[in-house]
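All values below were derived from every heavy atom in this structure, side-chain atoms included, with hydrogens, water molecules and symmetry-related copies excluded. Chain naming here is simple, since letters A, B, ... match the order of the sequence lines and numbering starts at 1 in each.
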There are 2 protein chains.
Amino acid sequence: MQTSWNFEGGTAQQSMSTKSKVYEEILDQIKHFIKENKLSPGDRLPSERELSEQLQAGRSSVREALRALELLGLIETRRGEGTFLKPYRTYHTVELLSAFILQETKTRKDILSCKAIVEKEAAKLAYSKMNEGVIEELESVYSNNGLDPKKRYEQFFIIIFKKADNYLLETIWKLLYDFSSTMEETNYYNQSFYIEILQAYKKKQFVSIEAQFMNN
Amino acid sequence: MQTSWNFEGGTAQQSMSTKSKVYEEILDQIKHFIKENKLSPGDRLPSERELSEQLQAGRSSVREALRALELLGLIETRRGEGTFLKPYRTYHTVELLSAFILQETKTRKDILSCKAIVEKEAAKLAYSKMNEGVIEELESVYSNNGLDPKKRYEQFFIIIFKKADNYLLETIWKLLYDFSSTMEETNYYNQSFYIEILQAYKKKQFVSIEAQFMNN
DNA sequence: ATAGTTAAGTGGTCTGACCAATATAAAGTG
DNA sequence: CACTTTATATTGGTCAGACCACTTAACTAT
């Protein structure tokens with residue numbers, strides 16, 4: 001077991017910094033600690049009690065700081081085991097914030113419009129990386145009559161987003177998709193849409209992709 | 001003083017929900033409370049002690065939930081006064097995140113690419129609603145040499161997003177903009193970009209808008 | 001009426017306690 | 001010896017109570 005954690009001296013109570021709250025100060029210290037000890041995802045942090053002792057702060061304050069890190073998706077706490085660094089997931093925050101944004105944006109129009117935009121651009125991003133294999137994949141989804149319209153739509157775009165190779169864009173789409181699913185009277189693309197998109201990919205007609213998406 | 005807060009009955013301790021931690025449950029309850037009582041920015045929430053009593057949870061657990069809300073920029077706590085709802089702002093979170101996230105080129109690419117997409121589509125959405133007054137507004141921003149590149153860029157697009165009339169898209173943009181601001185070596189559009197966009201608006205050349213945005 | 005004082009309320013923090021889940025070491029078992 | 005079982009220590013999760021610092025409002029003295 002590791003015993004000496006090599007914290008930079010000084011209490012968290014109140015240093016000269018501008019931080020008015022202890023937990024904010026602790027946040028910095030923990031950040032510094034991670035850097036100093038070169039911790040990587042999966043590594044364990046000192047226990048709450050140890051942190052509170054090393055930083056000369058109450059355990060509750062340490063917990064508030066950890067809670068913040070957890071909310072940001074930077075650490076993971078497992079009862080009985082400890083606190084661990086999580087692999088960087090930049091978009092966890094985006095997800096969180098988006099959840100709030102979407103909750104307040106009741107405008108159905110906005111959501112559908114955004115979703116169409118994202119899908120269109122993904123289709124365009126995927127264009128340059130399109131190859132025979134992927135086109136066949138898309139075609140098999142399209143011609144699979146066992147799928148209901150929603151499933152077909154979903155699987156079709158999942159393939160496209162994978163090729164588009166922009167994880168953030170994909171995350172945004174998923175959020176919009178999930179939210180739009182909860183709305184009544186959701187319309188999916190019709191047959192001709194898929195045909196035209198596939199045509200554009202096959203015959204390498206970049207410009208015609210744009211036309212397939214309705215704006216607003 | 002308000003005495004009855006009208007919480008949905010039940011302890012926060014553990015409901016049937018999947019939430020394993022009390023503070024997560026409290027988070028939901030508080031959100032529900034805000035909605036139920038129609039609180040708007042500036043309004044005060046019940047005190048920590050009152051919340052802890054009403055929700056039958058420890059004050060520390062309530063605090064962990066409040067800390068989460070604070071981190072998301074949804075509330076503001078003022079010692080001696082109370083806890084207040086804040087108008088939605090992303091900056092706080094972004095600041096915190098940027099302190100932790102090591103700039104990953106892959107991530108940066110995604111963000112910049114998404115931002116360009118959103119800006120482009122906003123410019124296109126704004127197209128149909130463009131008129132003399134707005135164009136003049138844009139032109140005055142462009143020709144204002146007192147502005148540094150960043151401010152010019154920001155103000156230019158704020159006008160465009162206003163005209164684009166999609167609040168969700170605008171919010172996403174602000175988020176991406178904040179993120180990108182924390183990254184070093186941020187590039188802004190150059191002179192010719194603004195000129196071309198203005199030209200497209202003035203001469204009603206819709207198609208040429210697209211060309212002004214780089215699709216890396 | 002005004003200024004100064006006091007009391008109550010609120011967030012911020014610490015401490016100590018207990019619970020629940022896990023990991024580790026010790027003892028038992030084949 | 002290897003394997004299971006049992007006890008113990010460690011860790012996160014939660015609660016309760018106690019201060020402190022700060023703000024506000026009511027009260028008092030001038």
Taking 4.0 angstrom as the limit, do B:Arg79 and B:Glu81 come out as a salt bridge? no
Should B:Arg49 be listed as having a side-chain N or O under 4.0 Å from OP1 or OP2 of C:dG9? no
Which part of the nucleic acid, if any, lies within contact of B:Arg78, taking any heavy atom under 4.0 Å across all strands shown: a base, the sugar-phosphate backbone alone, or nothing? sugar-phosphate
Parallel, tilted or perpendicular, judged at 30° and 60°: which one describes the rings of B:Trp173 and B:Tyr153? perpendicular
Is any side-chain nitrogen or oxygen of A:Thr77 closer than 4.0 Å to OP1 or OP2 of D:dG13? yes
Rounded to whole Å, CZ of B:Arg59 lies from P of C:dG16 at a distance of 18 Å
Under 4.0 Å between a side-chain N or O of B:Thr83 and OP1 or OP2 of C:dG11? yes
Taking OP1 and OP2 of D:dC20, is either one under 4.0 Å from a side-chain nitrogen or oxygen of B:Arg79? no
Quickly work out the B:Glu64 CD to C:dT13 P distance and round it to whole Å. 13 Å
Base, sugar-phosphate or nothing for A:Gly80? Non-hydrogen atoms, less than 4.0 Å. base
Do we see a donor-acceptor contact under 3.5 Å between the side chains of A:Tyr201 and A:Glu139? no
Nucleotide D:dA16, atom C1' - distance to CD of B:Gln56 in whole Å: 15 Å
Looking at B:Glu154 and B:Lys150, is there a salt bridge between them, counting it only when a charged N and a carboxylate O are closer than 4.0 Å? no
Of A:Ser52 and B:Arg67, whose closest DNA chain C nucleotide lies nearer the 5' terminus? B:Arg67
Phosphate OP1/OP2 of D:dC15 contacted by B:Ser61 side-chain N/O (<4.0 Å): yes
In whole angstroms, the gap separating C1' of C:dT24 from CD of A:Glu81 amounts to 13 Å
Should the ring pair A:Tyr142 and A:Tyr194 be called parallel, tilted or perpendicular, given that the plane angle runs from 0 to 90° and is split at 30 and 60? tilted
Rounding to a whole Å, what distance do you find between B:Glu48:CD and D:dT23:C1'? 15 Å
Specify the separation, in whole Å, of atom CZ of A:Arg44 and atom P of C:dT22. 15 Å
Atom-to-atom span, CG of B:Leu66 to P of C:dT13 - whole angstrom: 13 Å
Tell me: CD1 of B:Ile26 to C1' of D:dG13, nearest whole Å? 12 Å
